[in-house]
Amino acid sequence: MTQAHGLPDILARILASRGVRPDQAEKFLAPKLRDLMPDPAVLVDMEAAADRLARAVTAREPVAIFGDYDVDGAASAALLAGYLRDLDVPVQVWIPDRITEGYGPNVAAVTSLAEGGARLLVCVDCGTAGHAPLEAAKALGLDTIVLDHHAATEHLPPAVALVNPNRLDDLSGLGQLCAAGVVFLTLVALNRRLRRLGAFANRDEPALTDALDLVALATVADVVPLVGLNRAFVVQGLAVMRGRSRPGLAALLDAAGLSEPPEAWHLGFLVGPRINAGGRIGDSGLGTRLLGTADTAEAYRIAAELDRLNRERQTIEAVAVEEAEAAMDRDLAGDPDRSILVTGSPEWHPGIVGLIAARLKERFGRPAFAFAVKPDGTATGSGRSILGADLGRAVHAAVEAGIALKGGGHAMAAGVTLPTADFSAFTTHLASALGAAVAEAREAEALLIDGTVSAGGATAELVKTIQRAGPFGQGAPEPVLALLRHRLVDAAIVGNGHVRARLRSRDGQSIGGIAFRAAQGPLGAALLNGIGAEFHVAGTLSVDRWRGAERAQLRICDLAAPE
């Protein structure tokens with residue numbers, strides 16, 4: 001690669017380690033949709049969905065969009081609503097309340113939408129498991145289209161079209177798409193159908209590429225693999241986002257204090273949590289309204305509210321996570337080999353159980369479920385998994401076995417409602433369904449090092465070179481570099497349990513580092529107690545910008561004493 005394409009050695013090594021061949025290097029570094037976009041018709045029911053949507057557009061038929069309260073649902077609803085409104089189609093958007101309605105379509109909402117004049121119901125990021133509500137929609141005379149990506153069973157609800165790359169009879173190979181990716185492909189198919197019908201003879205076609213910022217946001221925030229088409233979505237979507245043409249995203253970036261051009265990790269750690277905060281502890285429709293508004297003043301008002309809710313969410317979450325980690329420490333002390341972590345409390349807000357599960361999974365390295373116990377005795381929970389353990393399918397099996405009242409999800413995340421706060425049957429089911437996969441994944445777990453660097457060689461220019469292999473995220477891990485025999489000259493706890501450190505190489509050069517949320521774990525203890533000692537230190541590099549200057553910073557993920 002260095003000879004054929006003139007690539008820096010470190011970049012060529014990173015590409016080679018990820019299976020990129022020399023003849024693929026240039027296209028990998030600059031992925032384009034035209035090279036990776038499939039024909040949308042490869043998805044089962046896509047043609048039927050495009051046909052029914054085209055009829056609605058042509059007749060200016062009222063359309064109801066039912067979404068989910070997370071980032072993917074908000075982006076999917078805003079994406080579809082924006083396209084239809086551009087073509088003068090009347091649109092209602094319904095985002096359910098997490099507490100009172102729960103996930104997915106419900107009979108009351110469907111009835112309300114029908115009474116509001118809708119003739120076509122489109123479920124985005126939900127609906128695959130919505131049997132009773134979609135039966136009710138059919139009885140009310142509504143046609144239904146489902147655009148989803150969650151795990152499906154053999155028995156599907158009634159719909160004119162159910163487009164989901166993860167339905168059992170879909171052979172498209174596009175199961176890694178998030179819902180917004182499925183919606184985008186549907187709009188490509190719809191655009192093609194309308195073009196054939198002459199709908200754009202006297203007007204411009206909607207600029208679909210302008211909406212890739214929404215697809216990129218959902219792809220990163222929903223933690224789907226950043227490979228293939230998803231990677232192109234994120235690369236080109238970030239380019240759109242940097243133009244700040246969408247008032248809602250521009251306002252939210254400002255609310256998050258981001259002055260630099262957004263990168264993929266900003267979407268997952270700064271933008272996504274703020275949009276999710278509305279659905280977790282506030283108004284679940286705020287995210288969709290923010291992403292869809294063209295009113296700058298309204299965008300800044302909503303962004304400020306989401307930022308406030310996110311700070312409130314962080315406070316609530318910190319207390320609950322501390323309780324959950326203490327409970328799991330006790331459980332693991334008695335059974336250190338357990339494959340699944342399950343915990344719950346009547347004190348936990350239902351909107352943060354997914355965050356608690358994510359923290360447990362991150363700290364203990366195995367799938368975790370956290371539950372909020374309701375006053376009626378039922379428990380609503382959310383789970384997060386590790387690579388190789390398909391949580392969504394295990395939850396579907398629990399529903400079919402009568403262990404859970406309802407539930408669904410995909411491989412890495414799932415939600416479920418249990419009939420009681422007794423978690424024993426559910427825990428036993430998950431351990432049986434996922435125990436072997438979890439054991440295999442944990443046995444194979446290792447920290448893979450992409451190369452070595454010294455403090456003096458870790459420059460902002462090196463970071464930018466490495467970032468050409470991005471974006472990094474799920475399925476595309478950020479390159480890990482090792483700094484060999486560097487002395488730890490300082491370490492201290494900062495912020496919310498982070499450990500800041502400074503490392504010096506033997507030639508006197510130094511670099512700052514930070515280990516996020518490490519203060520209470522073994523990594524934090526090693527740093528805080530190791531001042532003055534030499535270590536091999538592993539981590540990922542980022543650019544720290546301060547007062548106009550750029551310098552490299554190490555995000556520390558492990559260390560070891562030299563032999």
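Looking at Thr420 and Thr378, their side chains never come closer than 4.5 Å, going by heavy atoms from C-beta outward. Under the 4.5 Å side-chain criterion, counting only non-hydrogen atoms from C-beta, Cys123 is not in contact with Leu147. With contacts defined as side-chain heavy-atom distances shorter than 4.5 Å, the pair Leu140/Glu115 does not qualify. A heavy-atom distance below 4.5 Å is not found between the side chains of Tyr103 and Pro96. At least one side-chain heavy atom of Leu36 sits under 4.5 Å from a side-chain heavy atom of Pro31. Leu53 places a side-chain heavy atom less than 4.5 Å from the side chain of Leu120. You'll find the side chain of Arg203 reaches within 4.5 Å of the side chain of Asp88, heavy atoms only. Leu43 is listed as a side-chain neighbour of Pro165, based on a closest heavy-atom distance under 4.5 Å.
Residue Arg193 comes nearest to Ala50 through the heavy atom pair CG-O, 4.3 Å, listed as atom of the first residue, atom of the second, then distance. When all heavy atoms of Ser385 and Pro367 are compared, the closest pair comes out as OG-CG, 3.7 Å. In plain terms, the two heavy atoms of Ala433 and Ala394 that are nearest each other are CB-CB, 4.2 Å. Contact record, Met37 with Val188: CE-CG2, 3.8 Å, taken as the closest heavy-atom pair. When every heavy atom of Ala109 is checked against every heavy atom of Glu101, the shortest pair comes out as CB-OE1, 3.9 Å. Closest of all the heavy-atom pairs between Leu33 and Gln236 is N-NE2, 2.9 Å.
With sequence neighbours left out, Glu205 forms a side chain to side chain donor-acceptor pair (under 3.5 Å) with Asn191, Arg195. The side chain to side chain donor-acceptor pair (under 3.5 Å) check on Arg311 picks up Asp307, with sequence neighbours excluded. Legend: residues meeting ring-ring contact (aromatic ring centres under 6.0 Å, His included) with Phe426, ordered by chain and number and at least two apart, are Phe369, Phe371. Glu260 meets the side chain to side chain donor-acceptor pair (under 3.5 Å) test with Arg545; sequence neighbours excluded. Not a single side chain to side chain donor-acceptor pair (under 3.5 Å) links Gln314 to another residue, sequence neighbours left out.
Atom CG of Leu309 sits about 7.0 Å away from atom CG of Leu286, to the nearest 0.5 Å. With rounding to the nearest 0.5 angstrom, the CG atom of Asp125 is 8.0 Å from the SG atom of Cys178. In this structure, CD1 on Ile356 lies 4.0 Å from CD1 on Ile352, to the nearest 0.5 angstrom. The line from CG of Leu194 to CG of Leu87 is 6.5 Å long, rounded to the nearest 0.5 Å.
No donor-acceptor pair closer than 3.5 Å links the side chain of Arg242 to the backbone N or O of Glu263. No side-chain donor-acceptor contact under 3.5 Å links Asn310 to the backbone of Ala277. Side-chain atoms of Arg244 never come within 3.5 Å of backbone atoms of Met241 as a donor-acceptor pair (strictly under, hydrogens ignored). Although no hydrogens or angles enter the test, the distance criterion places no donor-acceptor pair under 3.5 Å between the side chain of Thr293 and the main chain of Ala299. Panel note: side chain Arg55, backbone Asp51; no donor-acceptor pair is recorded below 3.5 Å. In this structure a side-chain-to-backbone donor-acceptor pair under 3.5 Å is missing from Arg384 to Arg359. Ser76 contributes a side-chain N or O that, together with a main-chain N or O of Asp72, makes up a donor-acceptor pair within less than 3.5 Å. Under a 3.5 Å cut-off, the side chain of Thr186 and the backbone N or O of Val182 do form a donor-acceptor pair. With Asn166 contributing its side chain and Gly175 its backbone, the two residues share a donor-acceptor pair below 3.5 Å. Under a 3.5 Å cut-off, the side chain of Glu362 and the backbone N or O of Ala358 do not form any donor-acceptor pair.
Pairs passing the salt bridge (charged side-chain N to carboxylate O under 4.0 Å, His left out) check and including a residue from residues 133-143, sequence neighbours excluded, read Arg52-Asp143. The stretch residues 144-164 participates, sequence neighbours left out, in no salt bridge (charged side-chain N to carboxylate O under 4.0 Å, His left out) pair at all. Judged as a ring-ring contact (aromatic ring centres under 6.0 Å, His included), not a single pair has a partner in residues 261-301 (not counting sequence neighbours). Legend: salt bridge (charged side-chain N to carboxylate O under 4.0 Å, His left out) pairs involving residues 284-297, not counting sequence neighbours, sorted by first then second residue: Asp283-Arg289. Residue pairs satisfying the ring-ring contact (aromatic ring centres under 6.0 Å, His included) criterion with at least one member in residues 200-241, sequence neighbours excluded, are listed as follows: Phe184-Phe233.
Across Ile145, Leu134, Ile65, Val63, a single residue satisfies side chain to side chain contact (heavy atoms under 4.5 Å, CB included) together with Leu121, and that is Leu134. Residue Asn164 is tested with Thr128, Asp170, Asp45 for a side chain to side chain donor-acceptor pair (under 3.5 Å); the sole match is Thr128.
With respect to the salt-bridge test (charged N to carboxylate O, under 4.0 angstrom), the residues Arg167 and Asp169 qualify. Electrostatic pairing of Arg98 and Asp70 does not count as a salt bridge here, judged by no charged N lying under 4.0 Å from a carboxylate O. Ionic pairing of Arg308 and Glu305 is present here: one or more N-O contacts between side-chain nitrogen and carboxylate oxygen are shorter than 4.0 angstrom.
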Only pairs under 3.5 Å count here: list side-chain donor-acceptor contacts from residues 216-225, not counting sequence neighbours, and write none if there are none.
residue: Thr219; atom: OG1; partner: Val215; partner atom: O; Å: 2.7
residue: Asp222; atom: OD2; partner: His149; partner atom: NE2; Å: 3.3

Distance-only check: which donor-acceptor pairs under 3.5 Å involve side-chain atoms of residues 398-415, not counting sequence neighbours?
none

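For Asp204, the CG atom counts as loosely surrounded, since its 6.0 Å shell holds 12 or fewer non-hydrogen atoms of other residues, nucleotides or ligands. Heavy atoms from other residues, nucleotides or ligands lying under 6.0 Å from CG of Asp376 number more than 12.
Aromatic ring centroids of Phe423 and His429 lie 6.0 Å or more apart.
Side chain to side chain, Glu317 and Trp348 fail the donor-acceptor criterion of an N or O pair below 3.5 Å. When only modelled atom types and interatomic distance are considered, Arg313 and Thr315 share no side-chain donor-acceptor pair under 3.5 Å. If you check the side chains of Asn230 and Gln176, you find no donor sitting under 3.5 Å from an acceptor.
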Working for side chain to side chain donor-acceptor pair (under 3.5 Å), residues Ser424 and Asp422 = CA-CA 6 Å; Ser424 56; Asp422 179 0; 2.8 Å; yes
For Leu185 and Leu174, what are the C-alpha separation, side-chain angles and deciding distance, and is it a side-chain contact (heavy atoms from CB on, under 4.5 Å)?
-> CA-CA 11 Å; Leu185 289 185; Leu174 297 172; 4.0 Å; yes
Working for salt bridge (Lys or Arg N to Asp or Glu O under 4.0 Å), residues Glu298 and Arg301 = CA-CA 5 Å; Glu298 176 74 353; Arg301 185 193 68 77; 3.2 Å; yes
